[in-house]
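Keep in mind that the numbers below use all heavy atoms, side chains included, and drop hydrogens, waters and symmetry copies.
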Amino acid sequence: MTALVVSSSSLVPLRPAAVLGLFRDVLESSLIERGVAHGLELLGPAIDFWHSVDFLELKRMAEGGNASAQAELAWRFAAGEGVAHSYAEAQRWSARSAEAGCGAGEAVLGWLLYHGHGMPRDTAESARLFRRAADKGQPRAIDLLARCHFFGRGVAEDKAEAVRLWREAAHLDVATAMFSLGLCLYAGDGVAVDRAEAVVWFKAAAGKDVPGAGFLLGQCYTFGLGVAADAEAGLHWYRQAAEQGSRDAQFELGEASASGRLEAAQDLVEALRWWRAAAHQGHGRACLKVAHCHRWGDGVAENKELALSWYRRAAALGEVQAHVWLGECSEYGEGGPVDPAGAVSHYRIAAEAGDPHGQAEFGRCLLHGFGVPADAVRAETQLRAAAEGGWTSALGELERHWFAKGERLMHATDPDPIQAVMCYRKAAELGHRRAALMLAECLRYGVGSEPDLVQALRWYRKAASLFDAKVALGDMYFYGWGVDQNAREALRWYEQAVGQQEDAYAMYSLGFCLMHGHGTKRDVGAGMNWLEQAALLGEADAQYELGSAYYRGVGTADDSRRALRWLASAATLGHAQAQAFLERMEKAGPLN
């Protein structure tokens, strides 16, 4: 199972695509609503006066032909403020105001056309109305016209012109224009990157209670973008924006509380509170975090059913990774019954969206035939894609599969060495060291393939971290198999093998080299020491070498008793040379 993981912020630096997302979220989600939540007002300098006018009086003035009153009345019907919501009435009154040449009325009518509220959508006409209202000194119409240019709606896309218009509106004290200008400067969209100036405009917008501005200020101070890094200030801005309703800031506060960064004490209960607030506003990653908390009991009582519900909500919001977790829940029966087919369905969705984790899980299911017919070719494609996407463990799944299949084929009641070697090769090419060793052994001894000592040497090197491969490399270099004979290189591999494992053959090989000066200056004492350790472990060659050395007095006085003991032991183990040696000794006469 996967434990709760706290990720770092993903908007550093903001890419143009992310900027577009923020524009749509913050600037276009509810353009006609007043108040700190969205910070957009469509009327001109006399707005405070019109806000205070009683509805009946406002309607009387509008019916009397007052264009400004008609614009305000249109806004109230559009927003449902103090009156039943009605786009039809909003359209009627804004059209009358616009016909009279009132900039505020043109702005409201343009907005209705922009979104197709109460009438067919017509962005070209809305852009024309915004332009007329802007020319009449309506600052908010300038902001709306800038949006048309930025997104290419009703006019040709021209981000540089959008930036110019936003700068003009920002200097006229339009809060959303300040924020938009800051975003463009932050990301270098339509203007050169200038995060220092971006911070200036974010602060101005935050001062007018635009929540997104506070969130971006939190980013800037946290990561030192356009301003000196200041974790405490970053946390302050995140908190201010979160309390104003910014779901992004709420998510970041959850991350900060969960990890203890930004000088906030680690507190999963507090983290969950902020993640839940962001999730309720449709923040997909926050939904994932809430689901994780309920799934594993982090900051709240474990509740698999509730976790499943939150994963589903995240998936509905477009969070691809949610499908991976939904797949896991279906696979293991968490929050519901075990459902292999359902698990595969979710894994497939994530995989087809390019999520490496999803590709790895879908590939695993294809490889093992879990919830779907086994298909090794498709499985390999998915697992390789996952590895290339950064999910490096995906290849491990493939390695283990091919190696296990190779082992089954090699050790079956009716073995198939040829197919086994093919499987070993597939696993070895993916980096499986044991498979590389087995492939080398097969190539060395001609099992399932023609002997090929050069290729055997190559695969032994791939498996060189394994003890058996070290010993084999020592032998290959010592005897010149598949490579020029090189006693020094052989000695190096034998030394590494002995250092890794107390193996009788490795000790014998090292002792033999030292005793006879192969690859190094002759050292009979050290050689005899290694030979004796190998002999005590039952290595017949070591026993024969020791017996011969004691008989001849090599490096020591001859010792017939020890010689006879070790030679006899080797002979008993079937060592032909030891048996022949004993026969010659008997012919030479009795030993003392």
Side-chain angles (χ1 to χ4, degrees), residues 395 398-400 402-412 415-523 526-527 530-531 534 537 539-542 544-545 574-577:
L395 288 183
L398 201 56
E399 292 172 23
R400 291 187 293 274
W402 288 119
F403 177 68
K405 186 173 182 180
E407 289 286 88
R408 288 195 300 272
L409 289 165
M410 186 63 78
H411 301 293
D416 188 344
I418 294 175
Q419 290 299 315
V421 167
M422 290 177 61
C423 291
Y424 287 145
R425 188 180 296 278
K426 282 179 175 289
E429 287 172 347
L430 289 164
H432 196 289
R433 292 173 296 174
R434 182 62 60 180
L437 174 65
M438 295 306 297
L439 177 59
E441 295 278 277
C442 291
L443 289 166
R444 179 178 173 181
Y445 297 108
V447 178
S449 69
E450 291 297 319
D452 189 333
L453 294 177
V454 173
Q455 284 301 307
L457 182 75
R458 171 175 172 257
W459 289 108
Y460 277 133
R461 285 177 178 148
K462 296 280 189 181
S465 62
L466 300 177
F467 165 78
D468 291 334
K470 288 181 170 68
V471 174
L473 284 166
D475 287 346
M476 300 289 277
Y477 280 105
F478 187 87
Y479 296 107
W481 294 336
V483 67
D484 291 338
Q485 199 169 13
N486 187 331
R488 184 179 294 277
E489 187 69 4
L491 178 69
R492 184 174 75 85
W493 286 111
Y494 289 142
E495 286 175 334
Q496 287 190 34
V498 169
Q500 186 169 340
Q501 184 172 318
E502 293 183 355
D503 176 79
Y505 178 76
M507 292 176 179
Y508 156 70
S509 300
L510 177 59
F512 186 89
C513 289
L514 291 167
M515 187 170 179
H516 296 286
H518 292 301
T520 184
K521 184 179 179 181
R522 189 179 186 195
D523 187 339
W530 284 113
L531 288 171
L537 290 172
E539 174 56 52
D541 284 324
Y544 169 72
E545 285 295 327
H575 197 284
Q577 289 176 288

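At a threshold of 4.0 Å, the pair R492-E495 does not count as salt-bridged, since none of the basic side-chain nitrogens sits closer than that to a carboxylate oxygen. A salt bridge links R434 with D468: at least one charged nitrogen is closer than 4.0 Å to a carboxylate oxygen.
Across Y508, W530, F467, a single residue satisfies side-chain contact (heavy atoms from CB on, under 4.5 Å) together with V498, and that is W530.
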CA sep, side-chain torsions, deciding dist, call: L514, T520, side-chain contact (heavy atoms from CB on, under 4.5 Å): CA-CA 7 Å; L514 291 167; T520 184; 3.9 Å; yes
Self-check item: Worked check of side chain to side chain donor-acceptor pair (under 3.5 Å) between Y477 and R488
Solution: CA-CA 8 Å; Y477 280 105; R488 184 179 294 277; over 6 Å; no
Exercise for review: Please step through side chain to side chain donor-acceptor pair (under 3.5 Å) for the pair Y494 and D475, ending with a clear verdict.
Suggested key: CA-CA 8 Å; Y494 289 142; D475 287 346; 2.5 Å; yes
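Without hydrogens or angle criteria, R522 side chain to M515 main chain gives a donor-acceptor distance under 3.5 Å. Using a distance-only test at 3.5 Å, with no hydrogens or angles considered, no donor-acceptor pair links the side chain of E407 to the main chain of Y424. With hydrogens and angles ignored, the 3.5 Å screen pairs no side-chain donor or acceptor of Q501 with any backbone N or O of D503. For K470 (side chain) and W493 (main-chain N/O), no donor-acceptor pair under 3.5 Å exists by modelled atom type.
Nearest heavy-atom pair across R461 and V483 is NH2-CG2, 4.5 Å. Annotation for A464 and L473: closest pair CB-CD1, 4.1 Å, computed over non-hydrogen atoms.
A tilted orientation is assigned to the rings of F512 and H516, their planes being inclined by 30° to 60°.
Heavy atoms from other residues, nucleotides or ligands lying under 6.0 Å from CZ of R433 number 12 at most.
A heavy-atom distance below 4.5 Å is not found between the side chains of C423 and R408.
Note that the CG atom of L491 and the OG atom of S509 stand 10.5 Å from one another [nearest 0.5 Å].
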